[in-house]
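In each ligand, atom 1 is the first atom listed, and ligand 1 is the first ligand listed. In what follows, residues are counted from 1 in the order of the sequence shown. Just the heavy atoms: all of them, side chains too, but no hydrogens, waters or symmetry mates, feed the values below.
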Amino acid sequence: MSSKVKELQLAGPVNHAPSRGTLFVVSSPSGGGKGTIIRHVLDVVDNLSYSVSFTTRAPRQTEVDGREYFFVNRETFDEMVGAGEFLEWACVHGNFYGTSKKQIMDETATGADIILEVDVQGAASVRQLLMDSVSIFILPPSYEVLRQRLIARGTDSPQELEVRLRNAPEELEQYSAFDYVILNDEVDRASAQLASIIYAERARCMRQEPLVREVINKFKSNQLQIDRPKEQR
Ligand code: 5GP
């Protein structure tokens, strides 16, 4: 666990779960480093889970079905689209990806927050559907860094690499539609920033309404009891 994120965890507020969890939608161009940042944050922020998408892309060597993605063929994916099983879905760099509606509903119903790692089209769809979701764009510091990261990852064929790099500038232009932008020039700092956003969003009045009402009502009934003359208590 990185030290800066650890510090933040210690300093982080102890929040009670709100009645319904919040969706944190994280996007970046492929190779932008969102996966690493999200892993750091999942390690340290409590009551937070990760939405495992469905994809028609073939699994990479290190990927496990049900962990990074649920890997399905095109036929199954199309059936799921037809059955309305996706909150959103999109064709990204030539493969299909979709967010499971059920997983999101089940997780958030328990009061847990959930991170969705989706492309810019997916983020736009979720923003439209769920107005109280929070969207975060991870900005790679330069073209060269993005290119080097994709090469170092070693998971894409030269053709796939080219498509991902070619699509990146257009994806970057979408940043202004997001609620937050994090420059990923340093992974510890960027992870700490994402954790801070989650903590800050949890502290919003609207997200804490039931808890705050409970505290205020208890406060008032306590006050009444204490202020009443002894013989009337
Ligand atoms: P990769 O093939 O590198 O795992 O992912 C390619 C792109 O698809 C990434 O930008 C990733 O965030 C995005 N992606 C992953 N899951 C989903 C999803 O469920 N919906 C959408 N719209 N994009 C996704």
Lys34 side chain vs Glu117 backbone, donor-acceptor pair below 3.5 Å: no
Side-chain donor-acceptor pair under 3.5 Å between Asp188 and Ser191, yes or no? no
With no hydrogens and no angle check, is any side-chain donor or acceptor of Arg207 less than 3.5 Å from a backbone partner on Glu201? yes
Using the test side chain to side chain donor-acceptor pair (under 3.5 Å), find all partners of Thr99 that sit at least two apart in sequence or belong to another chain. Glu88
Verify whether one side chain among Glu75 and Asn73 offers a donor that lies under 3.5 Å from an acceptor in the other. no
Any salt bridge between Asp43 and Arg39, counting N to O under 4.0 Å? no
Pocket residues of ligand 1, ordered first by chain and then by residue number (heavy-atom cut-off under 4.0 Å): Ser28, Ser30, Lys34, Ser53, Arg57, Arg60, Tyr69, Glu88, Ala90, Val92, Tyr97, Gly98, Thr99, Glu117, Val118, Asp119, Gly122, Arg153, Arg164
